Amino acid sequence: MSSIARKIFRILPDRAPRERLIVGSRLEASSTESLIGRGQSDAIYRALFNSIDQVVCIFEVIFEVIFDQDERPIDYRFLEANPAFEKEAELKAPVGTTAREMLPDLDVSWNEIYGQVARTGKPTRFEKYSPSMDRWFDVYAFRSGAAEQHRVALLFDNITARKRREFNAEFLDEISLDMARLEPEKQILAVVAKKFMEHLKLSRLSLIEIGDSLDDAKVFFELHRDEGALAFDARRRLFSAFMTAATLKQLASGQIVAVGDVQNDRRTASFSQAYKDFDVGALIFVPFLGDKGVAFVLVANHSGAYAWRGDEIDVMKRFAGRLWQRLEQLRYARALDELTAESERQKRLYEAILSSTPDMQFIFDLDYRFLYANDALLKTFGLSSLDDLLGKRLSEAGYEPSLAKVREREFDTVIATGAPLRSQEPFTSPEGQRIYDYIMVPVLGEHGEVEAIAGTTRDITELKQHELALLEADRRKNQFMAVLSHELRNPLAPIKNSIFVLGQPGIAPEQAEHAREVLERQVDQLTRLVDDLLDATRVEHDKIQLQKKNLELNELVVHTVEDYRALFDARGVGLEVVRASEPVWVSGDWNRLAQIVGNLLQNAAKFTPSGGLTTVSVQSDTAIDQAFIEVVDTGLGMSAETLAHIFQPFMQADASLDHSAGGLGLGLALVKDLVHLHDGSVSATSAGIGKGARFQVRLPLKLSLATPPPPEAASYDARRHRKVLIIEDNPDVASMLQMVLEHKGHDVVLAHDGPQGIAIARHFKPDVVLCDIGLPGMDGYTVAQTMQADPELKSLLLVALSGYAMPSDIEQARQAGFDHHIAKPVNLDQLTQFIDEAPARH
């Protein structure tokens with residue numbers, strides 16, 4: 001009948017008053033009206049009328065319009081309809097019934113249209129959707145018969161499929177615009193997924209990203225119609241829990257799986273409970289294939305059974321493809337942005353590092369031309385911009401031509417070997433003569449070929465200087481160790497000989513006295529050496545604590561000079577003092593300032609030959625608030641090289657000079673450190689070897705009228721005898737100390753460990769306890785704490801004896817309960833003063 005469908009059949013009217021018409025699709029109005037009443041026989045008309053059954057055809061329907069008393073169309077009754085109409089409209093035996101009887105919820109607008117045609121006789125053509133039939137129709141309506149019959153004939157075409165295709169195309173265009181203008185992914189999904197669900201009237205829509213397999217699936221978006229909620233998460237789903245293996249294989253191949261009834265479909269029936277849990281009656285899986293298989297699956301659901309239409313499946317497929325491509329585009333764009341941002345960050349970081357480092361960074365091409373140079377390198381060449389250096393060779397940039405040739409040969413070596421090269425080179429820059437350490441490395445291409453030469457150059461001038469300084473310090477340290485060994489051995493020989501002499505029977509009194517004097521001098525020398533070492537250590541560890549007070553510098557210098565006059569007399573060296581005309585006030589530690597002057601005097605005595613002269617003077621300059629102490633000798637003097645290092649530790653004068661007085665090379669270093677602790681400075685000058693030396697100490701001048709207390713002379717009553725307990729584990733030290741104190745008239749008892757000492761103290765009840773710190777078992781701190789806790793011993797005088805004399809050691813002794821701390825070897829005058837000042841307990 002397809003050929004007939006494209007022709008116009010004219011049928012003559014029969015004897016009945018009805019007018020019948022059958023036409024093909026797309027019939028013009030004028031032609032249609034001319035056919036009415038022109039039919040041939042009723043049999044031919046009926047045969048043709050009933051034989052048209054193709055959906056694409058336009059069908060004839062003849063009905064009369066029913067009007068109410070107000071001439072308003074309220075319904076219409078079917079007078080005649082062919083089988084194709086019944087099939088297409090899904091209306092069974094419509095002839096003789098009204099439209100409202102067959103379709104109670106039919107839109108009343110149809111009545112208005114047909115009533116208007118029946119009243120006016122004016123035909124109309126329109127496209128209209130029938131919600132009750134869920135169909136779209138292309139309708140041509142015209143009057144059939146006399147006006148008073150109210151009959152209307154319809155020629156209509158079911159255009160539902162076309163309309164759905166048009167709507168789907170418009171919808172896809174709309175969401176494509178949404179996807180193009182929206183971002184990020186969540187905003188796109190929130191908008192287009194909701195529109196998609198409304199377009200297809202879905203109950204649920206899920207978007208699932210696939211990993212290595214369909215059982216590595218992540219639900220990254222889901223929208224529920226009833227719950228009205230958006231879900232962005234990363235829940236996992238196993239597709240194998242929702243379909244058979246064969247169906248799973250079908251889906252994995254990229255085929256769409258549409259199930260209209262999950263409870264009864266053989267592909268899903270065995271998983272019906274899983275679908276019930278999700279309130280799913282019908283569903284469709286739409287896969288999107290990527291480079292490695294299924295990349296994305298769109299899952300659409302209805303809560304009840306549903307027959308999926310072809311146009312729905314088609315629009316889902318198109319929607320899934322466009323959506324996934326847009327999401328991937330955004331992901332790629334975001335990844336590119338992140339990569340670009342990271343690249344820019346790395347570039348900024350790299351440039352910041354290169355611009356801030358003092359090392360010079362460079363890159364050369366294979367023609368030895370600059371591709372890059374950092375700020376440090378530009379500064380070395382005296383350039384301000386990289387543009388001034390790009391494309392130039394070293395010789396063109398101001399590098400010394402002969403050295404440039406050497407560098408280029410090194411570039412050739414790196415290119416030929418593909419290996420780094422490192423070397424050092426002196427270079428004259430705008431900053432002067434410098435020494436550089438540099439390394440060149442090959443920049444390798446994709447296939448291992450050398451594409452460029454990069455490198456770093458570091459200024460190691462200061463490092464080299466430090467290395468030389470360390471070597472010099474090491475040399476002086478080795479020299480110091482040799483001197484120390486010599487200086488320590490020197491006193492030991494006369495000490496040992498004096499002991500031997502004193503031990504001989506029948507020794508003459510004058511020999512004994514001489515031996516005693518030798519012992520005293522040598523012990524003093526050893527004590528001074530040890531004190532210098534201890535003071536050097538204290539300075540290095542910042543352990544010297546000054547006891548500052550206002551003092552008059554003339555007074556201090558005079559007292560100190562008198563203490564050292566015997567040394568100068570013994571050497572035959574003159575010693576003079578020149579006082580300032582006015583009092584000179586400073587704030588300082590009396591003992592440490594006296595040590596400064598004493599060390600300078602010892603240095604002068606050591607290097608001034610007999611018959612020479614040393615002059616000590618005090619001056620002040622109120623204009624600059626400075627006080628001066630100068631020590632000038634007529635001794636051996638110093639070379640310029642020696643002057644440059646004279647205040648460094650372990651520094652000794654020229655080896656050719658007289659070293660008979662000994663020393664460790666620490667005295668002047670201590671002078672410098674102690675002066676700095678007083679916020680002053682010290683300098684040394686000499687006209688050269690054999691022309692003497694001048695040392696000048698500068699101290700801040702303090703204007704004050706306060707009179708400093710004169711140095712307290714040791715005053716004690718030798719007639720006051722005390723009971724003394726000595727706790728010392730070294731028998732020689734203990735017995736000799738006992739002999740000295742008994743010689744001074746004290747009652748002395750010995751103990752060789754802590755518990756024994758505590759027991760003796762409770763029985764002996766001493767006035768003074770002299771206790772070694774480093775005792776075996778119970779140390780001296782514990783002994784002091786035990787005695788302080790005993791009411792019978794608490795009031796006695798406790799004096800610590802120790803070889804450790806750092807400020808921290810003295811403080812620890814004080815906290816343990818000791819009243820005084822004396823460093824070994826014991827200063828007998830100081831010890832005697834402490835003992836004589838102790839109150840007698842009995």
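Just so it is clear, the model here is predicted, and its values are computed rather than measured. Hydrogens, waters and symmetry mates are skipped; everything else that's a heavy atom, side chains included, is used.
- Two residues are said to be in side-chain contact when any heavy atoms from C-beta on lie closer than 4.5 Å; R143 and V152 fail this criterion.
- Counting heavy atoms from C-beta on, the side chains of R100 and Y76 never come closer than 4.5 Å.
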- Might you work through the side chain to side chain donor-acceptor pair (under 3.5 Å) test for E222 and H224, ending with a clear yes or no? CA-CA 7 Å; E222 195 164 76; H224 305 267; 3.2 Å; yes

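- Ring centers of F362 and Y372: at least 6.0 Å apart, outside the cut-off.
- Atom OG of residue S130 and atom CZ of residue F137 lie 6.0 Å apart, to the nearest 0.5 angstrom.
- Among all heavy-atom pairs drawn from S253 and L289, the shortest one is O-CD1, 3.8 Å.
- One finds no salt bridge joining D138 and K128 here, because no Lys/Arg side-chain nitrogen approaches an Asp/Glu carboxylate oxygen to under 4.0 Å.
- Under the 4.5 Å side-chain criterion, counting only non-hydrogen atoms from C-beta, Q325 is in contact with F288.
- For A81 against V95, the heavy-atom pair with the smallest separation is N-CG2, 3.7 Å.
- Using the six-membered ring where Trp is involved, W308 and Y306 have ring planes that are perpendicular, over 60° apart on the 30 and 60° scheme.
- A donor-acceptor pair under 3.5 Å is absent between the side-chain atoms of E198 and the main chain of K195, judged by distance alone.
- Between the CD1 atom in I208 and the CZ atom in F296 there is a gap of 8.5 Å [rounded to 0.5 Å].
- For the pair L330 and P184, the tightest heavy-atom approach, listed with the atom from each and the gap, is CD1-C, 4.3 Å.
- Looking at R204 and L223, their side chains never come closer than 4.5 Å, going by heavy atoms from C-beta outward.
- A salt bridge links R164 to D134: at least one charged side-chain nitrogen sits closer than 4.0 Å to a carboxylate oxygen.
- A distance of 6.0 Å separates CZ of F239 from CG of L251, quoted to the nearest 0.5 Å.
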- For the pair D75 and T98, evaluate side chain to side chain donor-acceptor pair (under 3.5 Å) and give the outcome as yes or no after the intermediate values. CA-CA 7 Å; D75 203 354; T98 67; 2.9 Å; yes

- Would W324 and F319 satisfy ring pair (Phe, Tyr, Trp, His ring centres under 6.0 Å), going step by step from the backbone distance to the final call? CA-CA 8 Å; W324 181 250; F319 172 75; over 10 Å; no

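- Contact check on E80 versus R151 returns no salt bridge, with no Lys/Arg side-chain nitrogen under 4.0 Å from an Asp/Glu carboxylate oxygen.
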Could you pull out every donor-acceptor pair under 3.5 Å between side chains of residues 265-274 and any protein atom, sequence neighbours left out?
unit_1, atom_1, unit_2, atom_2, d
D265, OD1, R267, N, 2.9
D265, OD1, R267, NE, 3.0
D265, OD2, R267, NH2, 3.1
R267, NH2, A258, O, 2.6
T268, OG1, V262, O, 2.9
S272, OG, A269, O, 3.3
Q273, NE2, D277, OD1, 3.1

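- No more than 12 heavy-atom neighbours from other residues, nucleotides or ligands sit within 6.0 angstrom of CZ on R318.
- Comment: R165 does not engage D311 in a salt bridge, judged by the lack of any side-chain N to carboxylate O separation of less than 4.0 angstrom.
- Side chains of I284 and I313 form a contact here, defined as non-hydrogen atoms less than 4.5 Å apart.
- Under a 3.5 Å cut-off, the side chain of S203 and the backbone N or O of S303 do form a donor-acceptor pair.
- Here the straight-line distance linking atom CD of Q255 with atom OG1 of T247 works out to 10.0 Å at 0.5 Å rounding.
- Under the 30°/60° scheme for interplanar angles, the aromatic rings of W110 and Y114 are found to be tilted.
- Between V315 and F196 the shortest heavy-atom distance is O-CE1, 4.2 Å.
- Between the side chain of D157 and the backbone N or O of I159 there is no donor-acceptor pair closer than 3.5 Å.
- Look at R331 and E338 and you find no salt bridge, because none of the NZ, NE, NH1 or NH2 atoms lies under 4.0 Å from a carboxylate O.
- Side chain of R125 to backbone of Y140: no donor-acceptor contact under 3.5 angstrom is found.
- Taking the ring centre of F171 as origin, the terminal cationic atom of R322 falls outside the region bounded by 6.0 Å and 45° from the ring axis.
- Taking 4.5 Å as the limit, some side-chain heavy atom of V450 sits within range of a side-chain heavy atom of L444.
- Using a 4.0 Å cut-off between charged side-chain N and carboxylate O, R326 and E185 make no salt bridge.
- Using a distance-only test at 3.5 Å, with no hydrogens or angles considered, a donor-acceptor pair links the side chain of D215 to the main chain of S240.
- Considering CZ of F78 and CG of L154, their distance stands at 8.0 Å, rounded to 0.5 Å.
- Ion pair R345/E342 flagged as a salt bridge, since at least one NZ, NE, NH1 or NH2 atom sits closer than 4.0 Å to an Asp/Glu carboxylate oxygen.
- Using a 4.5 Å heavy-atom threshold, the side chains of L283 and H302 count as separate.
- Residues I188 and L323 have side chains in contact (heavy-atom distance under 4.5 Å, counting atoms from C-beta outward).
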- Message: Let's go through V219 and L207 carefully: what are the C-alpha distance in whole Å and the side-chain angles of both, what is the deciding distance for side chain to side chain contact (heavy atoms under 4.5 Å, CB included) to 0.1 Å, and is it a yes or a no?
- Response: CA-CA 6 Å; V219 181; L207 305 177; over 6 Å; no

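- Residues K92 and M102 come closest through the heavy atom pair O-CE, 3.3 Å.
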- Query: Is there a side chain to side chain contact (heavy atoms under 4.5 Å, CB included) between F142 and L155 once you walk through the steps?
  - Reply: CA-CA 9 Å; F142 56 93; L155 302 177; 3.9 Å; yes

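- For the side chain to side chain contact (heavy atoms under 4.5 Å, CB included) test, residues two or more places apart in sequence or in another chain that qualify with A373 are F370, L377, L378, L386, L389.
- The distance from atom CG of L177 to atom CG of L172, rounded to the nearest 0.5 Å, is 11.0 Å.
- Other residues, nucleotides and ligands contribute only 12 or fewer heavy atoms inside 6.0 Å of the NZ atom of K317.
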- Item | Full working for side chain to side chain contact (heavy atoms under 4.5 Å, CB included) between V294 and L214 | CA-CA 8 Å; V294 177; L214 288 173; 4.3 Å; yes

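- Contact between T97 and P94 at its shortest, heavy atoms only, is OG1-O, 2.6 Å.
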- Query: Yes or no on salt bridge (charged side-chain N to carboxylate O under 4.0 Å, His left out) for R309 and E312, after CA distance, side-chain angles and deciding distance?
  - Reply: CA-CA 5 Å; R309 302 192 308 268; E312 292 176 319; 3.4 Å; yes

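- Residues satisfying the side chain to side chain contact (heavy atoms under 4.5 Å, CB included) test with D216, not counting sequence neighbours, are D212, S213, R236.
- The backbone N or O of D367 lies less than 3.5 Å from a partner atom in the side chain of D365, making a donor-acceptor pair.
- Contact check on K276 versus D279 returns no salt bridge, with no Lys/Arg side-chain nitrogen under 4.0 Å from an Asp/Glu carboxylate oxygen.
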- Are M133 and L103 close enough, and set up right, to give a side chain to side chain contact (heavy atoms under 4.5 Å, CB included), and what steps lead you there? CA-CA 9 Å; M133 302 173 68; L103 301 169; 4.0 Å; yes

